[in-house]
Each structure stands twice: as structure tokens, then as C-alpha cells.
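One structure is given here, and the rest of the page talks about it.
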Amino acid sequence: MSTAPQGTHSLAFRVMRLCKPSFHVDPPFRVDPADLFVGEDIFDDPLAAANLPPLLSTQLSKSTDSSDLTYGNRFFLHHPSDAMGFSGLLLLPQSFGAIYLGETFCSYISINNNSNFEVRDIIIKAEIQTERQRILLLDTTKSPVESVRAGGRYDFIVEHDVKELGAHTLICTALYVDNDGERKYLPQFFKFVVANPLSVRTKVRTVKETTYLEACIENHTKTNLYMDQVEFEPAPHWSATVLKADEVHPADNSSTEEVFKAPILIRSGGGIHNYLYQLKLASPDSAQMKVEGTNILGKLQITWRTNLGEPGRLQTQQILGTPISRKEIELQVLKIPSLINLDKSFSVHLNLTNHTDRELGPFEVWLSQNSVHGEKNVVINGFQTMVLPQLGAFGSSDFHLNLIATKLGVQKISGITVSDTREKKTFDPLPDVEIFVESG
Amino acid sequence: MDEPTPATDRPTNQFGSLNNLAHELASLEDLAIRGSWRSIIDKVSRTRSLNLLTSPHDHLIYLSYNVLALSKLSRFADASSEIDTLDDFNSHYYKYETYPQLYPNRSGSMIPFSLRFIHAQLPMKLENRQEGLDRFYLLLKFIREKIKEKESDNLHDSVKTWKRRENFVLNCLIGHHLGDKEFNVCLDLIKDLINRDYLDPVLVSKLGCIQMQIGDIEGAKVSFNRVEMMLNEGKNDGYSFLSEVQFRNLVNRNKALVYLVGKDYVSAVREYEECIERDHTDVVAINNKALCLMYLRDLSDSIKVLEKALERIPTIALDETLFVPGFEVRLIAEIVQVLISKDGRDFARL
């Protein structure tokens, strides 16, 4: 992964990623003496039950005598949990591993003097080069390292919060004076790629006054992600509460209650977890201030932890709600007669309201010839277009539409549409209304 | 197996020494304590060829030692073949009551339990994890049935033994799931153990470590605080086998982990030093201290700590895997590189 020019350099960089260590796990071949010296059911025999234990415990204590430097403690179990092979011993990862957006890249850098002579006045620099920028991590220009003896070493640790995806290069450079008094320049490059650790899919649903936001987090990494904090930061005028499922298990044994509560752990390589938020507009008045077009709800802040608490942090883009259509004109059906007969005219009582602060209209109302519905079984009786006068600011007027049904049974009144003839604006038709047509 | 021959003289004390339990068992055991696994294989082979094993239980115990030795030498395929020479473990051939002249008044299975355990563990080492897990879970079921059986027969000592084995297998399972990072299963299994009142500071500490591994730092702190409380209350449940020194070291090591995770390596080192002062054979403290020194950019001291450990306690240190910085070998080869030891094949390169 490193490229260095072939040359007669006295110095060389060695780099090791210094992420958090991991616990060593290796279930061993270790047994209890009672499981090796005798048959498994021997304790059924009261004679054995009485006489064996002293013999067995002598064997066990013999093997733990540390002055003996025995290997006995390597195949006898001294504690039942020895079988787990998990002693708390920590290990550094043996390979670079994957690095993800939102994590912190930490590296141990060692510059070695491989030559037989001292090297002086070393100016060391470490930088990260991404597609967009070059970030300085370390610069000893102001206080150069005085010297590194033959076979000696100078070490340092650098850290960088990863905020970009794609190719990254750790550039280590050393400017030094070698034994011949020559000034030499050594650049070395260590490449790595940053990937996206998770994706967030959102769904927004509005039910009356409340908006629900469902966020699904998917883990694309190779390790499990412990969700430390997932918080929704609402946009101004919005408030959010997270909704959690009721506890499925009743309060467990008190000892376990004290010991831990189940963590949210998203499985590696495609595991998901869903979060549900209930959002409300902070004040009902602001409903009047609804802006046409997009509706920004807020964003999700995610903090996760991996190995031994190694943190990662990401924030989503602004999450949008359903666009609010500007309701200037509202058309409503107020009353439909309960008895509708075939081929007999019936009257539908409607209301038209102007929600704006200016005069609108005049208007035309008709049944749109929407080909999706096919043949219409309910049509206007008489003039196909009804004309309505202008409406003042916030004004409203009632009117009647005469309709006639041409078929029996359950039918739909569909496509009642109103348009503003002055502004030449047609509004969305009313949703279908079902009626029942009887004979007679 | 050969025709069993009835023993002519039944010793009055059948359990006085190891040799009463099986032919030359003391010598086998001695070899095992010294880690001379190859010698064990030789002895078993010699003893068999000289037809010195007269009873069925002798054959089984020798086979168990053979299988254990092969496993320790990482000769897993050979160990597996050796076990395959047996019939089904539950066959009547391996029951005491099948040979009433040899084992008067005794009934039940004479299979050493370690054989069942090794039989379950071997597939794991032979890259057949699913088979291994299946065998462990079947073994767990078998043990639980045994416990019920013994309880109904009021065989209290047996019940105790089989419960210990249940605990053992649960711990094995946790270890295997841990190795495969199936942390939710581990947490469930440990919860199961703790629910059975195995309020064991070692177990609760391991729970804390697992919580820490997955990143649940707050959960880990709760577990570790619990352990410290147990120390202060003088609670050492009898399951624990911990000496005072070991218990204190456990608490210090737990504290050190919390510091380490918070990147306070200086305090972590201090905690580990307290452990080492109390018990210079605490390999975990030694290893982890060296690791912290590395994070403090102090590679030289880190290496010194490991060196010192090897000097004072060669066998114990070699038993564990001491961390190896991921540098190219040349960087620290000037000192010592300790490689992962598979028990029985330990070596250090200078």
C-alpha cells in the first residue's frame, strides 16, 4: 500500500493504523479432571462420590503450583468461564481493515534510520490528500527533530476525522540532512479508501395534524454497529418525539435488570433497524404559514460505536415532508340526497370557499371527461358547465349541481372540477363520491 | 475393543490414587502436566500394542488422553479419526452395567465427559463451524436430560457434576459465538447464566468486556461497577475460585479498560502496574500495559514490558497471545517477536 521512490535514503516511514484494539477470543481445549480421569456417570456410585473429590482436588492444585512453572494450567479448567477463551487480553488488529465515513483515522507513524550514520535536522510532515483538499496533520518545521541516530527511530501518532468518501492518501514527507551534509527529501504515500458505512431510507406519512417519519438505517460495514445515539433534529417550528415499541418482555429477573439493558446492535453487511418519530408543528397558527412546495422536517444525527467504543458520527441531509399544496380554493360536497333514482334528476349541495386574502373568480364548475373512468354513469342534468360569481377574500358560497344517474347500483360522481376563469387556473378535481342508484 | 477380562483383585480403596482409576494414570497425568503431548501419544500407542489395557474404562481413558494430546498438537483430523473409532457414545459397550463382574454395583456411562466436549469442539477447528455448533447444542440438550434424570433419582453429587458440565458447555458456546461476533446470542447466553444465580465476578466482568467490545460503554461500566461492589461486599460466591489477589486484579483490569476506552492511557497503565505489582504472573495486565504504552507512542517501553514478561515467566507468557504491532517484522525484530502459541507448539524467535 505504500509507494516510495527507489533511492539511497537513510530514512524510511512505517505506518500502522491505530484503531482500538480487540479482545482475543480462542476457546481452548481445557477440561476438568473429573471429566478426564473417570467415566461421566461415576458420581452415581456413592463410593466414588465420597472418595474421588479429594483425589481430584489434589491433582488440580498440583497443576496450579506456579513455582513449578507447569503447563498444567493450560489444559485444566480453573474457572468454568475459562472455557470461553476470553481473558480480557487485548490485541491490535493484524490488518488495516476498512475505514468508513464519520470515523476517525488514527495512525502510528515511525520514521527509521536504516543507515549506519546519524541523520540531522529532520523536518517531518504528515498530510491527508483527498479529492477535494489537502489537510495538514503534523508539521515539525518550527521545531525540527534534531537527529536520529543510526538504527534509531522517531515515532508520532496522527489523527484525522474522515469527512469525505473515496480515495485518501496519507502523505509522509521528511526533509533531512544526511551524513554527507546533503539535504534530502523523502516522500512516501499510503493509500486507503473510505466507504459509506450506512444508508438511511425515510418514509413520511401525514395523518391529520401529525406527521410520522420512519427512518430505516442499514449497515453496510463488515462489523456490527452499536447505535449509541440516533436523534432527530427537527427544523424550526417542528417538534419531534421518538416512538418506541412497548417492552415485549415483562421486567426480567432483577439481577439481569441491574446488569444490562439490551443494546441496539445492527448486524453487519445489510442489517437494518427502524426508528419512528412523531412530528408536530410547534404552533397551530403556523399552519397558516404553510409555504408552497417543499416542507423541510429536519435531519437525523447518528452516532454509532464499533470495536471497543470506537465512535463514528454522521448526519443526514434535510429530510423533506410531503409537499403542501396551496389551497386557495376549496370545493366541498355538503349534501347528497339519500334516495337517488335511475334517470331522475337529483341535486347535490356544494360549497366553494376562497382561502386567500384577495378576490378570486368568476368560476366554472363541470364534470371533467376523464377517460380513465370510461363511460360516465352520472352526468350533469342541463348545462354542462355551471358559472359561479366572484368570491371576496375568505368568502364562501353554496350552490347546487343537478345530476342524473344513468345506471343502477353503486355509482361514482367523479371529476367535479372548478376553475378560475379570470386567472385561467384549474384546480384538482374532487375525489370520487359514491352513490347508490335505485330503480323507480 | 477386546473381550473384557475380569479383574482378579478388587482393591479395597478404589480411589486412593490415580493408578487406581486407570492403568498407569499417574504417569499419563504427569506427562500432561509437563505438556509432553507427543510422549503421551507414544505411551498410549505402546501400552495398546503391549495389550496392557485390560478393562474397557482403561481403553476409554487412554483414548481420551490420546485425543486430548492430538488436539493440543493441533492434529485435529487425527483426533477426529481417533474418536470415530468408537461406537456411538451412548452404546451399551460403554456402560458399567454391561460388565457386572468388573464393575459390581455400578451403572451408567463410563465415557469420560471430555470426549463429548472434544467431539463437539473438533469440527470448529476443522472449519466446520455449523457441525460444531450443532454438536454443542445437542450436548447441552443431553446434559439437561441427564440433570433431570439424576434429580429424579436423588443423585445429588451427580447432579452437581452435570450442572457444572452444563455451565461449562454454555461457556464454550459463548466463546464460539463471540469468536464469530454473534454478540446478541452471547449476551442472551450470559444473561441465562447470570439468571441462574451464577453471580460470578469473573462472569460479570466478561459480560462487561463483551458490552465494551460491541461499544455499549455505559452498559460495560454498570457491569464493572457491579463487580467492584461484589469485591467491597466480600462477595465471592463459591463458584468463583478467585483468591483475594485475583479478585483485586480483576477489578483493576476492569478499571483499566474503562480508561483505555476513554483514551486515558496513562491511567490505564497505572491500573495495570498495580496488578503486576500484586501478581507478576498476570499476563493479561502485562500484555495490555504494553499495548497502552504503544498508544502513548512509547513503542520502546512497550517492547521492554513484553521482554521482561518473557524473562520472568516464560511458560506462562508463551501460553497467551501477546499482541504484535502490525508493523513489518524488521521494526521490532531487534528485540523479541512472540508468535501466537497453539498449546504444545510454542516458540519465540529472537
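Chain letters run A, B, ... following the sequence lines, proteins first, then strands; residues in each count from 1.
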*Carefully, step by step, assess L21(B) and L52(A) under the rule side chain to side chain contact (heavy atoms under 4.5 Å, CB included).*
CA-CA 10 Å; L21(B) 297 178; L52(A) 264 179; 3.9 Å; yes
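- Contacts of L55(A) with chain B are made by side-chain atoms alone, with heavy-atom separations under 4.5 Å and no backbone atom involved.
- Both the backbone and the side chain of N307(A) come within contact range of chain B, judged by heavy atoms closer than 4.5 Å.
- In this structure a side-chain-to-backbone donor-acceptor pair under 3.5 Å is missing from D44(A) to S158(B).
- Heavy-atom distances place no part of A50(A) under 4.5 Å from chain B, backbone and side chain included.
- With chain A as partner, the option from I61(B), I210(B), V261(B), I214(B) having the largest number of non-hydrogen pairs under 4.5 angstrom is I214(B).
- Note: I42(A) CD1 to Y103(B) OH = 9.0 Å, rounded to the nearest 0.5 Å.
- The most heavy-atom pairs under 4.5 Å with chain B, out of A34(A), G309(A), P27(A), come from P27(A).
- In this structure, no portion of S205(B) lies under 4.5 Å from any heavy atom of chain A.
- Taking each heavy atom of V25(A) and G175(B) in turn, the nearest pair found is CG1-O, 3.5 Å.
- Only the side chain of Y96(B) comes within contact range of chain A, judged by heavy atoms closer than 4.5 Å.
- Interatomic distance, Q213(B) CD to F86(A) CZ, rounded to the nearest 0.5 Å: 6.5 Å.
- For L56(A), no part lies near chain B; criterion is any non-hydrogen pair under 4.5 Å.
- In this structure, Q59(A) CD and S17(B) OG are separated by 9.5 Å, a value rounded to the nearest 0.5 Å.
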*Derivation of the side chain to side chain contact (heavy atoms under 4.5 Å, CB included) call for M212(B) and R305(A)*: CA-CA 10 Å; M212(B) 206 155 242; R305(A) 288 186 184 271; over 6 Å; no
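- Interface remark: of the candidates G88(A), P21(A), P54(A), P21(A) forms the most heavy-atom pairs closer than 4.5 Å to chain B.
- Interface remark: of the candidates A48(A), A49(A), S268(A), A48(A) forms the most heavy-atom pairs closer than 4.5 Å to chain B.
- Neither the backbone nor the side chain of L170(B) comes within less than 4.5 Å of any heavy atom in chain A.
- Judged by distance alone, the side chains of S81(A) and N171(B) never bring a donor and an acceptor atom under 3.5 Å apart.
- Contacts between L173(B) and chain A at a heavy-atom distance below 4.5 Å are absent for every atom of the residue.
- A heavy-atom distance below 4.5 Å is found between the side chains of L68(B) and F75(A).
- Using a 4.0 Å cut-off between a side-chain N of Lys or Arg and a carboxylate O of Asp or Glu, E40(A) and R165(B) do not qualify as a salt bridge.
- Using a 4.5 Å cut-off between heavy atoms, L28(B) does not touch chain A at all.
- Heavy atoms from other residues, nucleotides or ligands lying under 6.0 Å from NZ of K95(B) number more than 12.
- The choice from S114(B), G108(B), G179(B) that makes the most heavy-atom pairs within less than 4.5 Å of chain A is S114(B).
- Of the atoms belonging to S22(A), heavy atoms from both backbone and side chain fall under 4.5 Å from chain B.
- With values rounded to the nearest 0.5 angstrom, D45(A) atom CG is found 4.5 Å from R106(B) atom CZ.
- In this structure, N287(B) and L90(A) approach most closely via the heavy-atom pair ND2-O, 2.9 Å.
- Summarising the geometry, atom OG1 belonging to T161(B) is positioned 4.5 Å from atom CZ belonging to F43(A); distances are rounded to the nearest 0.5 Å.
- Of the candidates D35(A), V38(A), D41(A), F113(B) forms a side chain to side chain contact (heavy atoms under 4.5 Å, CB included) with just one, namely D35(A).
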*List the steps and the verdict of side chain to side chain contact (heavy atoms under 4.5 Å, CB included) for L265(A) and L187(B).*
CA-CA 11 Å; L265(A) 202 64; L187(B) 291 174; 5.8 Å; no
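- The part of F117(B) that comes within reach of chain A is its side chain, from C-beta onward, which places non-hydrogen atoms under 4.5 angstrom from that chain.
- Between F15(B) and F37(A), the closest side-chain pair of non-hydrogen atoms is not below 4.5 Å.
- When each of G262(B), C209(B), A220(B), S109(B) is checked for heavy-atom pairs under 4.5 Å with chain A, S109(B) comes out on top.
- F183(B) contributes atom CZ, which lies 8.5 Å from atom OG1 of T223(A) (distance to the nearest 0.5 angstrom).
- Heavy atoms of L25(B) lying under 4.5 Å from chain A belong exclusively to its side chain.
- In this structure, chain A has a heavy atom under 4.5 Å from the side chain of K263(B), while its backbone stays farther away.
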_L296(B)/I157(A) under side chain to side chain contact (heavy atoms under 4.5 Å, CB included): CA gap, chis, key distance, verdict_ = CA-CA 9 Å; L296(B) 286 170; I157(A) 295 179; over 6 Å; no
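- Ranked by heavy-atom pairs shorter than 4.5 Å toward chain A, the options N254(B), N105(B), L257(B) are led by L257(B).
- Listed here is the closest heavy atom pair of L36(A) and P112(B): O-CB, 4.0 Å.
- With a 4.5 angstrom heavy-atom cutoff, H176(B) touches chain A via backbone and side-chain atoms both.
- Each of R267(A), M84(A), E310(A) has some count of heavy-atom pairs under 4.5 Å with chain B, and the biggest count is that of M84(A).
- Between F76(B) and F29(A), the two ring planes are parallel [angle under 30°; tilted spans 30° to 60°].
- Listed options M124(B), K146(B), R253(B) were ranked by heavy-atom pairs under 4.5 angstrom with chain A; first place goes to K146(B).
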